[in-house]
Amino acid sequence: MSALTFTLKHRPDQRVDMSPLVCHHLKDLALPDIAALTLQNGKRKLRVDELFTISGSNAQTIVIKNSFAKLDFIGKELQGGSITVEGDAGAYLGFGMKSGEIKISGNAGLYAACEMKNGYLEIAGNAGDFLGAALPGNKMGMKGGAILVKGCVGERAGDHMRRGIILIEGNAGNYCGSRMTAGTIAVMGQTGRYVGYAMRRGTLLLWNQPRLPASFNDCGAHTLAFLPILFASFNKLNSRFANGASAFNRVQRYAGDMSEMGRGEILVKL
Amino acid sequence: MIINGVTIDLTFAEAFPMKATRAIITAQNEKWAMISAQAMTGFATSVIACGCEAGIERVLDSSETPDGRPGVSIMIFAMGGKGLAKQLETRAGQCVLTSPTSALFAGIDGGIRIPLGKNLRYFGDGFQIAKVISGKRYWRIPVMDGEFLSEATTGQVDAIGGGNFLVLAESQPQALAACEAAIEEMRKIANVIMPFPGGVVRSGSKVGSKYKALNASTNDAFCPTLKGMTKTDLSSEIESVMEIVIDGLTKEDIAKAMRVGIQAVCDLGADNGIKRISAGNYGGKLGPFHFHLQEIMA
């Protein structure tokens, strides 16, 4: 069976809520039923076949072609299966996803992997602000799974993150790891200001020395036993993180944020 | 059955169901991994008084361990899951957590999960850090030499304890040399341990005693100095008997270990004073697993 493919016919002016087009919703539907589903587009509802040409039949493997930055909620609460996005994605990519895999060849907008629970999200381009974060007012962001961003990420990556791992090959904006409860964020590039702001627990693993807030204390240089295991877990990724030459176990450890619980850590490669 | 002049008795070893687990100890080098492993498996020869039977399964090179350092695989056997978990935790806490540069990992991925570092983490007094990596939870516990890293749980599986065979020889040095040769070969077999000192036990026991307080006592039928005063199983030329006890994950593992061990003894043969191979059993009434010597060596 070939992948169930949605090819965008034209770019609508208003944003599109793509949340109905996930594997577990479509698995028992025939193509005419899928075509008849409606998607919220601004204040209107559009049939799927008004926006997309549909081909293929395997709903466990969905491909969205010609995607652009106004297609929101792609892979919302995904439960198994895979979604491949060719192009950019709008806001809330992989929102609350529970399992499965999403891969996107372009950039993702705000709140990608927001409140993600498990699974794997790979963004080949850049991600916007609040990657893996909680919705405003909520206390728990990403609770599990893994995110790989090959480009850069915006501000507040991992805000209120609870568990799981975010891997960023490029740079991270201001407030990276803010208000983290736990989990791991690894950044190969540069980080912005206020890194780890108000983090309670969790690990920020950085390749480059950040501009540290005053509320982080230096705990010295250390060789940490868990780092080889962490790097070994990246081996199967299609990423620079999988390159053995990227691995290290010698780090400078900073503890903080002392203005909060202070059990978090920023580990900087030595 | 006679192999190289050694008589293989028409008898069987009687073994019992047990619960087992495996852990992997790594350290900066093999020396310190071994020190930690020896401590963890110390005083664990027999469930009769030690609470568990434990031993070193094998040495692991860097490519075989989770953190890429030299390591040692150890196994612990107990009569029940609760006792096993208790022994594992106590021993890990006192012997591995305390051992310089050590780290501790699960050696069995499946089975019922029992705590490894899950409760040791409280030693960290709130400074401990959990990391879930590839679905496995690890605890990083701050200690004076850096960090003690331990996987949260390991697997408990059904296993078998009490596989055994007896080496009957013309002299004590000959019996010991034969057992040493057997142990050297048996240590190459996976999934088994020989829990007694050096793998060899010289004080095989029988069930019961004339003293009410004891539930096991010397196996007088195989004591050479009692040949003239008890219902002996020894012929006149036997001067020393030693036993090798085997605990293993499956019946096949134990049978394989017994086969290579007995073969190593028989390779020395009657010329080196080895006269008979026998085994300990309780008439087949107590243990469900019977290892018939002649079938194993057929």
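Chain naming here is simple, since letters A, B, ... match the order of the sequence lines and numbering starts at 1 in each. Only this structure's heavy atoms are used, side chains among them; waters, hydrogens and symmetry mates stay out. Since this is a predicted model, take the numbers as computed values, not measurements.
- Annotation for Gln28(B): atom CD does not count as buried by contact number, only 12 or fewer foreign heavy atoms lying within 6.0 Å.
- No more than 12 heavy atoms of other residues, nucleotides or ligands shown are found within 6.0 angstrom of OH on Tyr194(A).
- In this structure, chain B has heavy atoms under 4.5 Å from both the backbone and the side chain of Ala225(A).
- For the pair Glu57(B) and Arg22(B), the salt-bridge criterion is met [side-chain N within less than 4.0 Å of a carboxylate O].
- Neither the backbone nor the side chain of Thr223(A) comes within contact range of chain B; no heavy atoms are under 4.5 Å apart.
- Between chain B and the residues Thr203(A), Leu227(A), Thr184(A), Ile165(A), the most heavy-atom pairs under 4.5 angstrom are made by Thr203(A).
- Phe148(B) does not carry Arg140(B) over the face of its six-membered ring by the limits of under 6.0 Å from the centre and within 45° of the normal.
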